[in-house]
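Just below is one structure, and these are the notes that go with it.
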Amino acid sequence: MGPPAVIAPSILSADFAKLGAACSDTIDNNADWLHIDIMDGHFVPNMTFGAPVVTKIRPHVQRPSMARGKGTFDCHMMIAEPKKWVKDFQKAGCDLYCFHYEAALTSTAAEDPAESSEAKTSPKEMIKYVHENRMLAGIAIKPETPVDVLWEILENPEKEEVPDMVLVMTVHPGFGGQKFMASELPKVKALRERYPDLYIEVDGGLSEATIEQAAEAGANVIVAGSAVFGAKDPAGVIKVLRESVEKRRPSSL
Ligand SMILES: O=C(CO)[C@@H](O)[C@H](O)COP(=O)(O)O
């Protein structure tokens, strides 16, 4: 049967002046998760916000009653040093901490943000560390990164080092409203062929116009920012996205 359809609107396109209400309305509009883009101005050429804002929006959305359930805060960490912020985001109410493969390779091992260290954290160590901090772990790849780097990580016999989700970026990370890169879909297809039960998220340029291709390739977690928050009928867009995925994977949360 495979994993369920999960629709995760990206709040990057929400009205930041009314963020709490935007989050609760989106869940009421039948979204499953909220996708929360954290950008540091180093890993990507843009900045958003950090853990204090996540703390403030958490009370507007009920915590999920099970792992990956409705209300999951899916934090997409587009930051240069993902290890430094794990504890802060756990305390803030993040459920799924999705770091970038490319950043994990260069992140310091320092647990205290004030500390500096030359030691590096491998993607596997990052996944384990996120799990130790009682969150689900996601690993994201940018368009420049080949999918092959993930095989060793996904085939790991150490359960704590295996990610709960893979995010394939379908735009260059940093901004909402970009054009969907269909060139990234063979990565999704290759992942789905090898891992029928894996949660595979796609992010960037997803809309009613592009969802069919992404769903056909095998994605089950759909991030959409401008398509949902820019719509007159956000619930209608969420429904179309869900139906496209469910046509291929007939189960839901
Ligand atoms: O991570 C990112 C951008 O880096 C995304 O989550 C965007 O926020 C998606 O926006 P749309 O392409 O759906 O407008």
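Just follow the structure's listing: the first ligand is 1, and inside any ligand the first atom is 1.
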Regarding E144 and H172, do their side chains bring together a donor and an acceptor under 3.5 Å, going by distance alone? yes
Thinking salt bridges, do K247 and E212 make one under a 4.0 Å N-O criterion? yes
Ion pair present between K239 and E208, side-chain N to carboxylate O less than 4.0 angstrom? no
Could you find the nearest protein heavy atom to atom 12 (O) of ligand 1 and give me its residue, atom name and distance? G205 N, 2.8 Å
Pairwise side-chain contact, D95 with P64, heavy-atom cut-off 4.5 Å (strictly under): yes
For the aromatic rings, using the six-membered ring if either is Trp, is the centroid distance between F89 and F73 under 6.0 Å? no
For atom 14 (O) of ligand 1, what's the nearest protein heavy atom and its distance? S226 OG, 2.5 Å
Flag, side chain of R68 to backbone of V6, donor-acceptor distance under 3.5 Å: no
Nearest-neighbour protein heavy atom for atom 11 (P) of ligand 1, which is reported as residue plus atom name and distance: G177 N, 3.6 Å
Using a strict cut-off of 4.0 Å, indicate which atoms of ligand 1 neighbour a heavy atom of P173. 4 (O)
Is it true that E184 and K187 make a salt bridge, defined as a side-chain N closer than 4.0 Å to a carboxylate O? yes
Heavy-atom nearest option to atom 10 (O) of ligand 1, drawn from A8, A227, G176, G174: G176
Using a 4.0 Å cut-off to any heavy atom of H35, which atoms of ligand 1 qualify? 6 (O)
Using a 4.0 Å cutoff against the non-hydrogen atoms of H76, which atoms of ligand 1 qualify? 1 (O)
Going by the closest heavy atom to atom 2 (C) of ligand 1, which one wins out of V228, D37, I11? D37
I'd like to check which ligand 1 atoms, numbered from 1 as shown, lie under 4.0 Å from a non-hydrogen atom of M78. 1 (O), 4 (O)
Is K124 salt-bridged to E152, going by a charged N under 4.0 Å from an acidic O? yes
Which residue holds the protein heavy atom closest to atom 5 (C) of ligand 1, what is that atom called, and what is the gap in Å? D203 OD1, 2.9 Å
Would you find more than 12 non-hydrogen atoms of other residues, nucleotides or ligands less than 6.0 Å from K128 atom NZ? no
Below 3.5 angstrom, do we get any N/O pair linking L206 and ligand 1? no
Mind running side chain to side chain donor-acceptor pair (under 3.5 Å) on D37 and H35 for me, showing each step along the way? CA-CA 6 Å; D37 285 320; H35 182 84; 2.9 Å; yes
Determine whether the side chain, the backbone, both or neither of A224 has a heavy atom under 4.0 Å from any heavy atom of ligand 1. backbone
Nearest protein heavy atom to atom 8 (O) of ligand 1, by residue and atom, and its distance? S10 OG, 2.9 Å
For atom 13 (O) of ligand 1, closest protein heavy-atom neighbour: G225 N, 2.7 Å
Any idea which protein heavy atom is nearest atom 3 (C) of ligand 1, and the distance to it? F175 O, 3.4 Å
Counting each atom of ligand 1 from 1 as listed, which ones have a heavy atom of G204 under 4.0 Å away? 12 (O)
